[in-house]
**Q** 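One structure, as structure tokens, below. Some questions next.
Start at 1 and go down the list; that is how both ligands and their atoms are numbered.
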Amino acid sequence: MDDHYYVYLGLALVSLLVVLAKRRRGPADGRHGLRLPPGPWQLPFIGSMHHLLGQLPHRAMRDLARRHGPVMLLRIGEVPTLVISSREAAREVMKTHDTSFASRPLSATVRVLTNNGRDIIFAPYGEHWRQLRKLAITELLSARRVLSFRAIREEEVAAMLRACAAAAAESRPVEMRARLSALVADATVRAVMGDRCRDRDVFLRELDRSIGLSAGFNPADLWPSSRLVGQLSGAVRRAEECRDTVFGILDGIIKEHLQRMDSAGAGAGEAEDLVDVLLKIYKDGSLQIPLDMDVLKAVIFDIFGAGSETSATTLEWTIAELIRNPKAMQRATAEVREAFGARGAVAEHALGELRYLHLVIRETFRLHTPLPLLLPRQSQEPCRVLGYDVPAGTTVLINVWALGRDGRYWSGDPEEFRPERFEAEASAVEFKGADFELLPFGAGRRMCPGMSFGLANVELALASLLFHFDWEAPGVSDPAEFDMTEAFGITARRKANLLLRPILRVPLPAGV
Ligand code: HEM
């Protein structure tokens, strides 16, 4: 409900203000001698918000950009917001002027949730962020570290397969969203804090709340100068509650880890989790800006926030698209069964053999990028994008969802799920941040550092589900009619439950 509160507030304000409003051009008029980007007409107080009502923001912004161009300026509440909707404009923001756009806006709720931007995701561009980012890339999310969590992934995938096999034995459907979220959450909890999170459910619930609160579409964030709006919305208070609960749980976990580290011999032989890694760095004080406990907790919170929802959403859309496209399902299933048939189980180290499965995931990222507007950036200094002036302090959204479905970049019907489009090597577009029409992980300095971590969970789970089971959608006679509606939120989840019936085809190996 929080997410939609602004819609209702906006509607009430529109009805009041529309009578008073003079139709006027937006800031694209060129005030102060600047050549500002064009945009739709605005109302007092709510700015351009009325243009976004009734549709998901990335869809409404795509439609507006068709009329106003790929560099478009909106005002969402009080917040000047640049929306980027072409490959060329995205390249300018994330490559040509990457440093100018390397900061992120700190809304009122995000400020609370991140202890004033002391985490990685929302840290303003500067020394603090640079240091944490380096830590993430070299220590926390490196390929070596991701590999060290392989056993955890395999155990969690095995637990999911057992649950699916039990459902198959009873001809019962599986609620896939819940199952996939639990898989990713449990694999992440264990990698980050080991097996000792007694408050797992509360932690994950609060995490979910915090993701909703940080989406930036609540009144406190849209009218930051109004104390009244801030108080009425209650979002900051809810963010404080959320942060206190999460940080309280993390205090307990950190204490346990410290005790274990201090008691000689204890924990020997146990795999190092990410809290261990962070505490070692905290204790040896080797960093230029030493870590403190608030930063440490904010970083742990980030890893959950950034990692769980995105990976689970990717898995859910991939399976939904395969159900909707039986030929792609048959081809992906045949490939995985051929590759691992002799072994009787999927082995993570051999996943590279699954060429088509990787194209399926890439095509899913194109159509269902989990963060359709990426995470917001902010201009640190005045800058020019495709000839338009962008003032300092402007929030910048890159509509990667629109780029992924733009007929200028994708041949045939861009709405069609066709992994084969990536098959010709010469024209293969990658999602590693160099091809600006496909940016599920962003690009440039603020690009996602957790790509390998996320993909490892997605690939193993998907290959295992296809290897052991065939999948049916009960009550769906025509796959083309399968519901693909998206839900509102910072991540574009599938709206409807993904209820699927597994049919066991390759028995689970003994011990799974
Ligand atoms: C399918 C999985 C994932 C997707 C699609 C995804 C996507 C993204 C995107 C779009 C951004 C913003 C990039 C930008 O502004 O250019 C981001 C940032 C980030 N992601 Fe991911 N992510 C995924 C998984 C993960 C995982 C598993 C982790 C950690 C375990 C992670 C950690 C982060 C962090 C820390 C940032 C902030 C980077 C910064 O601001 O410097 N992500 N991610």
**Q** Using a strict threshold of under 4.0 Å (side-chain N to carboxylate O), is an ion pair present between R243 and E206?
**A** no
**Q** Is there a heavy atom of L375 sitting under 4.0 angstrom from any atom of ligand 1?
**A** yes
**Q** List the steps and the verdict of side-chain hydrogen bond (donor to acceptor under 3.5 Å, both in side chains) for E423 and Y356.
**A** CA-CA 9 Å; E423 244 164 1; Y356 189 68; over 6 Å; no
**Q** Give the contacting part of T314 toward ligand 1: side chain, backbone, both or neither, where contact means a heavy-atom distance below 4.0 Å.
**A** side chain
**Q** Which bit of F122 is near ligand 1, meaning a heavy atom under 4.0 Å away: side chain, backbone, both or neither?
**A** neither
**Q** Closer than 2.8 Å to atom 21 (Fe) of ligand 1, what protein N/O/S atoms do you find?
**A** C448 SG
**Q** Under the salt bridge (charged side-chain N to carboxylate O under 4.0 Å, His left out) definition, can you give me all pairs with a residue in residues 277-287, not counting sequence neighbours?
**A**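 Residue pairs passing salt bridge (charged side-chain N to carboxylate O under 4.0 Å, His left out), neighbours aside: D262-K283, E272-K280.
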**Q** Any atoms of ligand 1 less than 4.0 Å from a non-hydrogen atom of L374? List them with their elements.
**A** 10 (C)
**Q** Taking R366 first and then E430, would you say they form a salt bridge - that is, a charged N and a carboxylate O separated by under 4.0 Å?
**A** no
**Q** List ligand 1 atoms under 4.0 Å from P370, heavy atoms only on the residue side.
**A**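 Heavy-atom distances to P370 below 4.0 Å select 5 (C).
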**Q** For ligand 1, which atoms have a heavy atom of M94 less than 4.0 angstrom away?
**A** 16 (O)
**Q** Is any NZ, NE, NH1 or NH2 atom of the basic residue among R493 and E316 found under 4.0 Å from an Asp or Glu carboxylate oxygen of the other?
**A**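 Answer for the salt bridge query: no.
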**Q** Under 4.0 Å, counting heavy atoms only: does A136 come that close to any atom of ligand 1?
**A**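 Per 4.0 Å heavy-atom rule, A136 does not contact ligand 1.
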**Q** Run the numbers for me: atoms of ligand 1, each under 4.0 Å from some heavy atom of L141, listed by number.
**A**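 So the answer, numbered in order with elements, is 29 (C), 30 (C).
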**Q** Which of the atoms of ligand 1 are close to A443, meaning less than 4.0 Å from one of its heavy atoms?
**A**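 Going through ligand 1 atom by atom, the ones under 4.0 Å from A443 are 16 (O).
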